[in-house]
Amino acid sequence: MGDFDLDSSFIPALYKPAESLPIANYESDILYLVDTFPVLVVVGQTGSGKTTQIPQFLRKAGWCKDGKRVGVTQPRRVAAITIAMRVAEEVGCEVGKEVGYSVRFEDSTSKSTRIKFLTDGLLIREALMDPLLSEYSVIMIDEAHERSISTDILLGLLKKIMKRRPELRIIISSATIQAKAFFDYFSPSKTPNNALKGEADKKAAAKNIVSDRNKVGSEAKGEADEETTTKDIALDRSKVESEVKGEGGAEETNADLGPVAALTVEGRTYPIDVLHLESPTDDYVKKAAETASVTIDGIVYVVDCGFTKIRVYDPFTGIESLVVTPASKASSIQRAGRAGRTKPGKCYRLYPSENYDELPDSNIPEMQRSNLAPVILQLKALGIDNVLRFDYLSPPPSQLMVKALEFLYALGALDEYAKLTRPLGMRMAELTVEPMMAKALLSAPDLGCLSEMLTVAAMTSLGGNVWFFHDNERKKMNVAGTRFAVEEGDHLTLLNAYTDFVTTEKKQPKFCHENHLNFKSMTRAVKIRAQLKRYLEQLGIAVEEPASGIPQARGRDLAKVAEQVRRCLTMGFFTHAAQMQPDGTFRAVGSEMVLHAHPTSIMFTRKADWVIFQEIMETSTKTFIRDISKIEKGWLTEYAPEYYQVQNTRRPGG
DNA sequence: GAGCACTGC
């Protein structure tokens, strides 16, 4: 069953008999609305059973005829797998037969699969192969309120696809507060949410829409029992407000009435006492914490600190930071909701109730606070050339777009007309590593070190989870103390670790344990590397592996290979160059900002001159760089002449 | 000189 842990993914709410789930009352409503409207927004809490039941309703109703499938996306792979298992059990089949799932590294589907659970990122990848997603008759986007980049992009793609495939049905499953945004987005009178559009225009457009449209209310209860009731309600705009909520009417009327319907389903929840602590002194916090408990049946007490930690990207400096921000109303409601799933519960909010009113309705979508280079590359590869005019659910700030376009141009992925270059840009988009690493990887064949760069790309994809130190050695031990450490930096150190791991008889936990490696991560690196290799081969790039997996086989000059790897890294990461100062800190070109080698880097304990680094992140105390390798200064002008000539007086940033 | 890492492909 692959690399997920069933215990941690157990979702109690899923294990209710299907007929006792609230969603059972809505079967005919849902089928009617799906039949009538191309887009259905289903509002309901986790625990309503919508994720497990709606796909089964659709299958029974004939939406899987002629070899078509119902696809259901999830933001997380564990959820896709667990829910598929549950639904297979209800349907009475093995996972991978009528009900299956597909996530990275694990495809448990077959020709007979009619209901397919998958991660939303994977569905976007499927669109690269099949732009109209033609295998699906219905696509349900679950947990859309989380507003991940993948979910947002997928909704934009579906909005385009539905124009070419009028028979396609789209179901968006969302928590209450976010529903209106989805509803408006798919309504035809809505002004497209282009990036770079004037704020005033957008506000004016939004105002009109709100004023002439029935709102997707937050307290709506769908209690229609019979199909006829639902039909009446859906067709009569004046009644939409009350129960089942439908925008517009039958298709023959599609000029001024929308193609979207909304339905609120009741979740099965119990009363929750929400207690706001007026002045959260230490005593209060302590008392609340002590009162909190988790039972086997589910969570009964929730303590909500009122904050959340989000990743924010600054387009001017290229630096990411983890920022503690007030939680949104939506997530506060969600947090409280955890308490009332199996019996009445209590939620302690560690802040006064006035503060709650001031919280934003929802979190800032990921699209509006991230480095957009990867997503722009992906959109371009999907044939969406004018990424500024793409109809974003929430348009990203123009600075983010501009920065990403400039950066992709500097990397050579886009030409001066912002068109994807071929083959480089197109190939970069196909690979599942970030643009800088993709460029480094695609530079490797010419330098004769592709096998090694593949390993480096796979190892750095682990995101820092490579090394393992026991508690008692945490303080005094770091990467520099392992047998794999080399002077040239983190990338070659990671290459050493991987090469040793895969060399005869060592692919085992014992080896990892003795050598400070995380066995699970190393196993994952093997998978990632194999997948990247497969993608390269599909792109027509042959990967020549040294005979036994050891670089020195075939008499290659090891020192030369190591240098070539560092040159490749420079070709990808030249915008992330810095020089070490006498005090051991780093400065980027043209920047005064003090950068520190992250304590997990080998450069934490080494001297260097010029380096490139993979990641830069600001914490509350310092700005850290990680995954660092030594380079020659001259390589920067050799491999990025334009960038370093034009910008030699400005900070390159990310 | 000494840390918070979430997800996903």
Side-chain angles (χ1 to χ4, degrees), chain A residues 3-4 9 73-81 102-107 118-129 143 146-154 307-313 320-325 331 363 365-367 369-370 374-375 377-378 381-382 428-435 437-438 457-458 460-469 473-480 518 521 524 527-532 534-535 580-586 594-607 615 617-627:
Chain A
D3 56 6
F4 85 99
S9 62
T73 71
Q74 294 293 323
R76 283 166 293 278
R77 35 185 291 133
V78 171
I81 297 169
S102 192
V103 295
R104 190 182 186 186
F105 306 129
E106 275 181 77
D107 182 9
L118 71 171
T119 45
D120 40 23
L122 193 65
L123 188 58
I124 293 176
R125 264 203 86 86
E126 288 190 359
L128 280 175
M129 306 294 293
E143 310 283 1
E146 289 188 17
R147 301 300 307 276
S148 71
I149 287 182
S150 295
T151 298
D152 277 17
I153 291 300
L154 205 45
F307 291 98
T308 184
K309 206 169 202 173
I310 59 166
R311 205 174 238 223
V312 179
Y313 174 80
E320 283 192 326
S321 39
L322 286 160
V323 188
V324 176
T325 52
S331 63
N363 298 324
E366 208 183 356
M367 274 293 296
R369 52 179 168 86
S370 301
V375 70
L377 209 48
Q378 205 157 31
L382 286 161
M428 284 171 64
E430 295 273 352
L431 297 172
T432 50
V433 289
E434 310 250 299
M437 185 55 87
T460 54
S461 291
L462 299 172
N465 296 314
V466 177
W467 308 106
F468 176 84
F469 298 105
E473 54 189 19
R474 275 259 163 94
K475 286 273 187 280
K476 49 182 191 240
M477 182 78 180
N478 86 348
V479 191
N518 181 334
S521 294
R524 189 173 159 82
K527 284 186 185 179
I528 295 172
R529 191 183 186 284
Q531 190 192 49
L532 285 171
R534 210 161 51 238
Y535 289 149
M580 191 183 262
Q581 309 297 304
D583 67 356
T585 64
F586 293 86
V594 180
L595 308 176
H596 297 263
H598 195 275
T600 56
S601 168
I602 193 152
M603 285 303 158
F604 187 66
T605 50
R606 292 286 197 284
K607 286 271 173 257
E615 205 180 300
M617 179 167 273
E618 194 180 339
T619 67
S620 53
T621 52
K622 283 173 182 168
T623 304
F624 290 100
I625 55 176
R626 53 198 300 172
D627 286 335

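In what follows, chains carry the letters A, B, and so on, assigned in the order in which the sequence lines appear, proteins first and then strands, with residues in each chain numbered from 1. As a basis for the values below, the full set of heavy atoms in this structure was taken, side chains included, without hydrogen atoms, waters or symmetry mates.
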Rounded to the nearest 0.5 Å, what separation is found between the [atom1] atom of [X] and the [atom2] atom of [Y]?
{"X": "S461(A)", "Y": "E434(A)", "atom1": "OG", "atom2": "CD", "answer": "8.5 Å"}
{"X": "E366(A)", "Y": "T151(A)", "atom1": "CD", "atom2": "OG1", "answer": "9.0 Å"}
{"X": "L154(A)", "Y": "T119(A)", "atom1": "CG", "atom2": "OG1", "answer": "10.0 Å"}

Any T619(A) side-chain nitrogen or oxygen under 4.0 Å from OP1 or OP2 of dG3(B):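 Looking at the OP1 and OP2 atoms of dG3(B), neither is under 4.0 Å from any side-chain N or O of T619(A).
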
From the list [options], which nucleotide is the closest neighbour of the side chain of [X]?
{"X": "T432(A)", "options": "dC9(B), dC6(B), dC4(B)", "result": "dC9(B)"}
{"X": "P599(A)", "options": "dG3(B), dC9(B), dT7(B)", "result": "dG3(B)"}
{"X": "T119(A)", "options": "dC4(B), dG3(B), dG8(B)", "result": "dG8(B)"}

Provide, to the nearest angstrom, the distance between the [atom1] atom belonging to [X] and the [atom2] atom belonging to [N].
{"X": "L462(A)", "N": "dC6(B)", "atom1": "CG", "atom2": "P", "value": "12 Å"}
{"X": "F624(A)", "N": "dG3(B)", "atom1": "CZ", "atom2": "P", "value": "5 Å"}
{"X": "L595(A)", "N": "dG3(B)", "atom1": "CG", "atom2": "P", "value": "16 Å"}
{"X": "F105(A)", "N": "dG8(B)", "atom1": "CZ", "atom2": "P", "value": "11 Å"}
{"X": "I528(A)", "N": "dG8(B)", "atom1": "CD1", "atom2": "C1'", "value": "11 Å"}
{"X": "N363(A)", "N": "dT7(B)", "atom1": "CG", "atom2": "P", "value": "17 Å"}
{"X": "I81(A)", "N": "dC9(B)", "atom1": "CD1", "atom2": "P", "value": "9 Å"}
{"X": "R524(A)", "N": "dC9(B)", "atom1": "CZ", "atom2": "C1'", "value": "9 Å"}

Answer yes or no: is there a donor N or O on one side and an acceptor on the other, between the side chain of T585(A) and the main chain of V594(A), under 3.5 Å?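 Not confirmed, T585(A) side chain does not pair with V594(A) backbone.
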
Do R76(A) and E143(A) sit within salt-bridge range, that is, some charged N less than 4.0 Å from a carboxylate O?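 Salt bridge absent between R76(A) and E143(A).
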
For [X], report the nucleic acid contact type (base, sugar-phosphate, nothing); a contact means any heavy atom under 4.0 Å.
{"X": "S150(A)", "answer": "nothing"}
{"X": "R104(A)", "answer": "base"}
{"X": "V433(A)", "answer": "nothing"}

I want to confirm an ordering. Mapping T605(A) and M617(A) to their closest nucleotides on DNA chain B, which one lands closer to the 5' end?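 It is T605(A), whose closest nucleotide lies nearer the 5' terminus.
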
Sorted by position of nearest nucleotide on DNA chain B, 5' first, the leading residue of K622(A) and R626(A) is K622(A)

